[in-house]
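Whatever order the structure lists ligands and atoms in, that order sets their numbers, starting from 1.
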Amino acid sequence: MFEKKNKLLFQELSYKKRNYLETASKQERKEMFEYAKGYMQFLDDAKTEREACDVAVRMAQEAGFTEYAFGDPLAAGDKKYFVNRGKSVVVFRVGTKNIEEDGLRVIASHIDAPRIDIKQNPLYEEGGMAFFKTHYYGGIKKYQWTAIPLALHGVVILKDGTKVTLKVGEGADDPVFYINDLLPHLGGDQMAAKANKVIEGEQLNVLVGSCPDSEDVSDKIKFTVLSILHEKYGMTEEDFLSAELSVVPAYGARDVGFDRCLIGAYGHDDRVCAYPALTAVLANESEHTVLAMLVDKEEIGSEGTTGIQCKVYEDLMEEISLALGANFRKVRAHSKCLSSDVTAAYDPNFAAVYEKMNSAMLSCGTAMCKFTGARGKSGSNDANAEFVGEVRRMFAEEGVVWQTAELGKVDAGGGGTVAKFVANLNIDTVDLGVPVISMHAPWEVISKADLYSNYKAFIAFMK
Ligand code: MN
Ligand code: MN
């Protein structure tokens, strides 16, 4: 009897992570799977920040949101979206509460993902093949991008200023592109090299053609490629100078595992947070003024006009405050932000770099990182315990299954998010996002349960 009592008491006193799949009702599991379908469609439709921005705008319009420009009047109940240069979008709802006292509720995520960008003067032929020179974008393991089908996405600004959009390799009949690797038979030296030298940056050349269609020019294959580009897009070689082209994996999102609880796809980081942020704001009314920020350039330091360090996002919040007759400093002081980015899921195949007690476990829900950074939390927004406590109470009230996480073992490495930049505005901010297996690989894996938990967490944050 005494033993049984202590067992119950221990259960009450101790903390244990829960697997969301294990605890979810049949109905909730059905909702998870249904929600995942919409997300997988989003993944396939939006592989670059420009495409994600376009799709988000379309979804916002379908939900009755209209475009906002600085200076526009705003009133409670307004549903708006603000586009920054076609590569970033903020979707927001004006609530009924006074924002001077209540602040803004911001969910900040990013829609750029690691990839291979095409150089400004890319095209050459050699050895019976034509290639594009490239420069990779974000933190990748270069060797992972060889010998897989690739699709070409982006825009070209022609000489006369016309913008041409390219998307080749996604349709069933489209050709795809390819980065060559070395056959193992001749790969002795390569296999002995350090992994970051196995394929070097200047070897990431994309195979784009092989047919010598003409007799009277020197570079026959290059000529073929240029002819096709000219015919299809009105391009000349000089137009590459003002182009933004990238290659990304050509394959789509798929269920992973016999039980279909996981999703494999390119670019879960960070669309697995951007999509829930977007859909939470589109589909749910709130008495708070809520913003879903889908920003660009996180993978290269959040710089530039479309990265979150750009003043445009602060300007937008200030404009919202002005339009509602509120003092922006007071608004900021009372605002709250979930910096929504992915974290590493514990992987038993690489257990040495994780500290299991404090790692995000797959399917145990969206993961809160009180701090990120490297070494002694360097470069981290270390959220206040008070704010963490507040968010914890929000989640408890709505029954959100969630967990806490650190990226890996102390001193094993590190990383950062947009959190610190938002926090610099005097906005309480904490990181919250989905655990990922093989983060930054051309094909990453996440759990449908964690995706849905992330969505539920955002709804709780908006309540
Ligand atoms: Mn990220
Ligand atoms: Mn990343």
Going by atom types only, do Thr66 and Lys79 share a side-chain donor-acceptor pair under 3.5 Å? no
Is the count of non-hydrogen atoms from other residues, nucleotides or ligands lying under 6.0 Å from Lys463 atom NZ greater than 12? no
Report yes or no: is the cationic atom of Arg105 (NZ for Lys, CZ for Arg) under 6.0 Å from the centre of the six-membered ring of Phe461, at an angle within 45° of the ring normal? yes
I'd like to know if the side chain of Asp431 pairs up with that of Ser339 as donor and acceptor (distance under 3.5 Å, no hydrogens or angles considered). yes
The Mn ion (ligand 1): protein N, O or S atoms [distance under 2.8 Å]: His110 NE2, Asp269 OD1, Asp341 OD1, Asp341 OD2
Could you tell me if the ring centre of Tyr68 sits under 6.0 Å from that of Phe92? yes
Answer yes or no for Arg332 and Phe328: cation-pi contact, defined as NZ/CZ to six-membered ring centre under 6.0 Å and angle to ring axis within 45°. yes
